[in-house]
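Only a predicted model underlies this, so the values are computations on that prediction, with no experimental measurement involved.
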Amino acid sequence: MDILFVRDLKVDTRIGIYDWERQIKQTVLIDLDIAANAGAAARTDKVENTINYQTICQRLVAHISASEVELVETLAEQIADIIRGEFGAAWVEVTVHKPAAVRGTRDVGVRIERGSRLP
């Protein structure tokens, strides 16, 4: 299995369980690992033969910046659903980082894996 990846996609959104969090936009960082068949794209040198990570990033920025969820778990699930449903990925691993969430930490978040790594 080949994996396309995206690291540190930065998006500002309303996310959190506390009232003060609902009043401001916070930055989340998204990491993605997406199952893909890079062989077809490599042979043809055509982006049409792979999952276009620029298109995925544009779609996710639009979705995340407009969303207002409470939990990083919910956001991660929504991202996985978009990548699998709209882009046809059989497997995806999504990490949502919320760097400013807990005082005294550099980063907190969630990592989920959806789908099957096997063809």
Side-chain angles (χ1 to χ4, degrees):
M1 175 180 60
D2 303 322
I3 296 177
L4 296 176
F5 68 89
V6 174
R7 296 291 177 260
D8 294 332
L9 177 62
K10 183 178 176 181
V11 187
D12 293 329
T13 189
R14 294 189 198 282
I15 187 168
I17 60 172
Y18 300 108
D19 289 340
W20 68 267
E21 291 181 296
R22 311 303 298 157
Q23 304 305 314
I24 62 168
K25 287 207 169 195
Q26 299 178 70
T27 299
V28 294
L29 301 171
I30 310 300
D31 294 336
L32 305 170
D33 290 296
I34 305 166
N37 181 354
R43 283 188 297 281
T44 63
D45 199 29
K46 300 290 183 193
V47 72
E48 298 83 32
N49 294 323
T50 190
I51 296 174
N52 186 328
Y53 49 79
Q54 181 175 4
T55 305
I56 287 175
C57 290
Q58 291 170 341
R59 173 66 174 98
L60 293 180
V61 167
H63 174 79
I64 296 166
S65 61
S67 73
E68 293 193 15
V69 299
E70 292 187 2
L71 302 176
V72 292
E73 293 86 346
T74 303
L75 185 57
E77 195 71 41
Q78 290 174 352
I79 292 168
D81 287 347
I82 288 169
I83 293 170
R84 294 187 70 228
E86 295 180 24
F87 295 93
W91 171 86
V92 64
E93 182 178 277
V94 177
T95 304
V96 177
H97 304 262
K98 192 175 169 190
V102 178
R103 184 183 306 252
T105 67
R106 180 181 61 83
D107 193 15
V108 299
V110 66
R111 180 179 299 122
I112 67 169
E113 190 175 319
R114 296 294 179 264
S116 174
R117 288 182 180 230
L118 301 175

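When all heavy atoms are compared, the tightest approach of Thr50 to Ala41 is CB-CB, 3.7 Å. Taking both residues in full, the closest heavy atoms of Val108 and Ala101 are given as CG2-CB, 3.5 Å, listed atom of the first, atom of the second, then distance. Nearest approach of Ile34 to Ala89, heavy atoms of both residues: CG2-CB, 3.6 Å.
Atom-to-atom distance recorded for Lys25:NZ and Glu68:CD is 7.5 Å, nearest 0.5 angstrom. Here the CD1-CH2 distance, from Ile83 to Trp91, works out to 10.5 Å after rounding to the nearest 0.5 Å. The distance from atom CG of Leu32 to atom CZ of Arg7, rounded to the nearest 0.5 Å, is 8.0 Å.
The list of salt bridge (charged side-chain N to carboxylate O under 4.0 Å, His left out) pairs with a residue in residues 42-60, not counting sequence neighbours, reads Arg59-Glu86.
With contacts defined as side-chain heavy-atom distances shorter than 4.5 Å, the pair Thr55/Phe87 qualifies. Two residues are said to be in side-chain contact when any heavy atoms from C-beta on lie closer than 4.5 Å; Thr13 and Ser65 fail this criterion. Considering only heavy atoms from C-beta on, Ile15 stays 4.5 Å or farther from Ile64 through its side chain. Put simply, the side chain of Leu60 reaches to within 4.5 Å of the side chain of Ile82, judged on heavy atoms.
A salt bridge does not link Glu70 to Arg22: none of the charged nitrogens lies less than 4.0 Å from a carboxylate oxygen.
Judged as a side-chain contact (heavy atoms from CB on, under 4.5 Å), and not counting sequence neighbours, the contacts of Asp8 are Leu29, Asp31.
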